[in-house]
Each structure stands twice: as C-alpha cells, then as structure tokens.
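What follows is one structure encoded as structure tokens, with my remarks underneath.
Note on naming: letters A, B, ... go to the chains in the order of the sequence lines (proteins, then strands), and numbering restarts at 1 for each one.
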Amino acid sequence: MSTPDPNAVFNLTKASVLVVEQSQHSLDVTSQMLKGFGAGEIVRGEALAEVEKRVESRPFELIVIDPSIEDGRGYHFLTALRRSAGPNAYTPVIIVSGHVRSADVARARDTGANYVVTKPISPAVLLQRILYVGRDRRQFVQTPTYVGPDRRFKFEGPPPGCEGRRSTDLKAPIGAAEEPNMSEAELEAFFKPQRVSL
Amino acid sequence: MSGGRFFQPAPRLKALLAEPGGMRASDALRRADRAVLEIRGRCLSGIDQKVEEILAASKSDAPSAMDRCYRLSNEIYAEAGVFGLVELSGVAHSLCTLLAESELDRIPREAIAVHVDALRALRSPAVAENRQLRTAVVAELRALTARMSAPRAGPAR
C-alpha cells in the first residue's frame with residue numbers, strides 16, 4: 001500500500017489542511033507536497049499554542065502533524081483534540097514521525113490519530129495515506145482511556161485461549177462443520193440470475 | 001475496551017475527495033515531486049547548518065543539549081531522506097539511535113563527534129557526488145562506533 005493507483009482521481013481543491021511541524025524545512029517539504037496535490041489551503045503551524053487556537057476556531061479537513069514538536073507536547077495536543085468538543089475533534093489526523101524513542105511508539109498509538117507515516121516521507125506515501133484516511137470506514141471509539149478510530153484493523157476473533165472482549169465475539173467454540181462444503185456449482189447458483197415463471 | 005461508545009463520524013474530507021474536477025494521482029505525484037525539488041537547495045543549506053548546531057550543542061553542558069542534538073539529527077534524518085540522500089539520512093538515524101538509547105549522562109561525546117564528521121564529509125561536494133566515497137564514509141563510521149561501543153579491556157591481573 002505504498003503507492004496510490006496512478007489513475008485514481010481525487011480532489012483536494014476545497015480542502016483546508018493544517019500542517020504542524022517544529023522544523024521550518026520539514027514544514028516546507030510537507031507543504032510543497034500538499035501544494036502538488038492541489039490542496040486548496042495549507043495552514044502551517046510551528047508553535048502549539050498558535051495551533052491550539054486555530055483548531056478551536058475553525059474546521060480543517062485534514063491535519064498532518066509531527067507530534068514530537070515541543071518535546072513531545074504534540075502527543076498531548078492530539079489526545080486533547082480528540083476529547084474536545086471543538087470543530088476538529090473527528091478531523092482525520094496523519095502523524096508523520098521521524099526516529100521515534102521506544103516510549104513514544106505507544107503514545108503515538110494512543111493519541112487517536114488515523115494513521116502514522118514514518119519519515120522520510122515521499123509524495124507517493126503521503127498521498128496514499130491521505131486517500132486512505134479519506135475513505136477510512138473505521139468507527140470511532142470513545143472510552144475513558146481512548147478516543148479515536150477503532151485501532152483493530154483485523155477481525156480474526158480473540159487470540160487462542162482468550163475470551164473475547166468485543167460484544168460481538170462468540171462466547172462458545174463454533175465446533176466442526178457438520179456438512180461437506182458446497183460445490184462450486186452450488187455457490188455459482190447463488191449468484192446466477194435465472195428466469196422464473198410465476 | 002468493552003463499554004466504549006462506537007460511532008461513525010462524517011469527516012468532510014471524504015466528500016471533498018470525491019468532488020468532480022480533481023486530478024489523477026500520477027499527475028499529482030509529478031507536481032509534488034517538482035514542488036519539493038524547488039526547495040531542495042534551501043533544505044540542504046538548512047541541513048549543513050543543523051550539523052554545525054549539533055556539534056555546538058554536543059560541547060555544551062546544558063541539560064537540554066542532548067535533547068537538542070537528538071531533535072536536530074532527527075530533522076536531518078527526515079529531510080535528507082526526502083531528497084534521496086540515503087547515506088546522510090542513515091548517519092543521522094544512527095546518531096538518533098545513539099542519543100535515544102544512551103542514558104543522558106553517559107552519551108559518549110566522541111561518538112557524536114564522529115557522526116558529525118561523517119555528516120560533514122557526506123555533504124562535501126567531492127563525497128556527495130561519489131557513491132563509493134559515500135559508502136566508505138558510512139563503513140568507516142560503523143567501524144568507529146563499533147570500536148567505541150566495544151567493552152574496553154581492563155588491566156591485566
């Protein structure tokens with residue numbers, strides 16, 4: 001999933017994107033990529049105090065942020081954003097991070113961001129992730145300890161030997177099949193339209 | 001996570017992406033590559049400046065000096081990588097790892113110095129344009145850091 005379909009068509013001309021980076025040059029790089037993608041408005045943020053005011057006052061369609069800004073205060077900013085009642089509480093957020101200290105990996109996961117992209121970023125990867133979060137159908141989860149998109153991508157049931165924590169997890173083993181598998185012809189019959197006389 | 005509230009927000013981004021009059025991804029990527037190239041010179045000058053700032057910070061006794069070194073090397077790692085300067089980015093990443101894994105009061109200053117030397121060498125025109133020399137600089141750095149991190153032999157008993 002590292003490059004988008006070259007023929008995929010998208011439109012960012014009416015989108016306002018907030019880019020938050022501590023380094024002026026990284027801010028330039030991300031902004032230039034977004035400019036190439038045709039983003040309608042690119043708002044740059046270099047200081048969290050100013051960024052906090054912006055997100056409280058108006059909606060953005062996308063936020064791209066390096067949470068290591070201001071000694072890691074960006075992580076707190078994102079967590080607070082998701083818990084806020086402001087206009088960007090559910091705005092898609094892409095974290096862009098460089099080298100990450102091991103303690104910060106869990107912090108990034110718990111912020112409620114939609115996606116994490118590791119630097120160095122390339123235009124192809126950034127565009128792919130923007131298209132992904134734009135079409136992301138994951139539900140949001142709100143719990144006392146986490147607010148953000150459901151972090152469970154896969155639905156493979158609870159690990160062996162564990163009781164599932166989801167309300168939809170089966171509480172008893174399914175057991176072995178009692179009948180043989182359906183044949184290919186039987187399966188096709190499900191999808192083949194047939195004329196019927198009434 | 002039982003007891004959580006599940007809901008489906010409707011972000012505007014999804015609707016905007018699908019509006020008519022957009023562009024093809026291949027065109028967008030070409031435009032983005034061109035736009036990034038426009039700022040290459042400025043960013044590379046910034047990297048040179050950051051290398052010198054790392055050296056200055058590494059000589060400081062200020063409590064925040066090593067954090068500053070880490071932040072600057074992290075920026076070099078990210079920004080050099082965008083422009084395909086793989087070796088430069090790799091050396092900066094190695095410095096990040098060194099600074100992140102060491103206890104703050106035990107970071108060997110000489111290890112930072114050899115990283116800075118490698119970064120400077122990779123930015124010199126003669127090395128920057130010669131792949132063999134770039135590879136040699138990285139190999140030399142690896143050998144030096146391995147020697148530094150190896151346990152030193154104690155006095156014979």
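For B/Glu19, the parts lying under 4.5 angstrom from a heavy atom of chain A are both the backbone and the side chain. Both the backbone and the side chain of A/Ser26 come within contact range of chain B, with heavy atoms under 4.5 Å apart. If you measure heavy-atom distances from B/Arg42 to chain A, the contacts under 4.5 Å come from both the backbone and the side chain. Contact annotation for A/Val100: only backbone heavy atoms (N, CA, C, O) come within less than 4.5 Å of a heavy atom of chain B. Of the atoms belonging to A/Thr91, not a single heavy atom falls under 4.5 Å from chain B. Proximity to chain B is limited to the backbone of A/Asp5, based on heavy atoms less than 4.5 angstrom apart. Using a 4.5 Å cut-off between heavy atoms, B/Ile39 contacts chain A through its side chain alone, with no backbone atom that close.
Scanning both residues, A/Arg101 and B/Ala100, for their nearest heavy atoms gives CG-CB, 3.9 Å. Taking every heavy atom of both residues into account, A/Tyr90 and B/Pro11 meet most closely at O-CB, 4.4 Å. Taking both residues in full, the closest heavy atoms of A/Lys14 and B/Leu16 are given as O-CD1, 3.6 Å, listed atom of the first, atom of the second, then distance. Scanning all heavy atoms of the two residues, the minimum distance from A/Pro123 to B/Ala32 falls at CB-CB, 3.8 Å. Taking every heavy atom of both residues into account, B/Leu17 and A/Ile130 meet most closely at CD1-O, 4.2 Å.
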TODO: Please lay out, stage by stage, how B/Leu13 and A/Leu12 fare under the test side chain to side chain contact (heavy atoms under 4.5 Å, CB included).
DONE: CA-CA 8 Å; B/Leu13 181 63; A/Leu12 280 172; 3.9 Å; yes
Open item on the list: Go through it in stages, so that I can follow the logic: the residues are B/Arg31 and A/Phe37, the test is side chain to side chain contact (heavy atoms under 4.5 Å, CB included), and I'd like the CA-CA distance, side-chain angles, deciding distance and then a yes or no.
Closed with: CA-CA 7 Å; B/Arg31 283 168 45 121; A/Phe37 302 159; over 6 Å; no
TODO: Mind running side chain to side chain contact (heavy atoms under 4.5 Å, CB included) on A/Val29 and B/Cys43 for me, showing each step along the way?
DONE: CA-CA 9 Å; A/Val29 166; B/Cys43 286; 4.1 Å; yes
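The distance from the CD atom of A/Glu21 to the CD atom of B/Glu79 is 8.0 Å, given to the nearest 0.5 Å. Remark: A/Gln22 CD to B/Arg71 CZ distance equals 4.5 Å, nearest 0.5 Å. Put simply, CG on A/Asp150 and CD on B/Gln8 are 10.5 Å apart, with the number rounded to the nearest 0.5 Å.
Under the 4.5 Å side-chain heavy-atom criterion for ILVMFWY residues, a single connected hydrophobic cluster contains both B/Phe83 and A/Met33. In the hydrophobic clustering of this structure, A/Leu81 does not group with A/Val17; members are Ile, Leu, Val, Met, Phe, Trp, Tyr whose side-chain heavy atoms approach within less than 4.5 Å, directly or through other members. Taken together through direct or relayed side-chain contacts under 4.5 Å among Ile, Leu, Val, Met, Phe, Trp and Tyr, A/Val20 and A/Ile42 form parts of separate hydrophobic clusters. In the hydrophobic cluster analysis, where Ile, Leu, Val, Met, Phe, Trp and Tyr join through side-chain heavy atoms closer than 4.5 angstrom, B/Leu88 is grouped together with B/Leu55. One hydrophobic cluster, built from ILVMFWY side chains closer than 4.5 Å, cannot hold both A/Phe60 and A/Leu127; they sit in different ones.
Atom CD of B/Gln49 sits in a sparse spot, with 12 or fewer heavy atoms from other residues, nucleotides or ligands closer than 6.0 Å. Counting non-hydrogen atoms of other residues, nucleotides and ligands closer than 6.0 Å to CZ of B/Arg12 gives a total of 12 or fewer. Counted within 6.0 Å of CZ on A/Arg58, heavy atoms from surrounding residues, nucleotides or ligands total more than 12; the atom is thus considered enclosed. Within 6.0 Å of CG on A/Asn7 lie more than 12 heavy atoms contributed by other residues, nucleotides or ligands. By the 6.0 Å contact criterion, CZ on A/Arg83 is enclosed, its count of non-hydrogen atoms from other residues, nucleotides or ligands being greater than 12.
A salt bridge does not link B/Glu75 to A/Lys119: none of the charged nitrogens lies less than 4.0 Å from a carboxylate oxygen.
Proximity of a side-chain donor or acceptor of A/Asn11 to a complementary backbone N or O of B/Pro20 within less than 3.5 Å is detected. Side-chain atoms of B/Arg5 never come within 3.5 Å of backbone atoms of A/Thr143 as a donor-acceptor pair (strictly under, hydrogens ignored). A donor-acceptor pair under 3.5 Å is formed between the side chain of B/Asn74 and the backbone N or O of A/His99.
Counting only heavy atoms from C-beta outward, the side chains of B/Lys50 and A/Ser23 approach each other to under 4.5 Å. In this structure the side chain of A/Ser122 never reaches within 4.5 angstrom of the side chain of B/Leu29, judged on heavy atoms.
Ranked by non-hydrogen atom pairs under 4.5 Å with chain B, the options A/Arg135, A/Gln24, A/Arg137 are led by A/Arg137. Between chain A and the options B/Arg30, B/Met23, B/Lys14, the largest number of non-hydrogen pairs under 4.5 Å is found for B/Met23.
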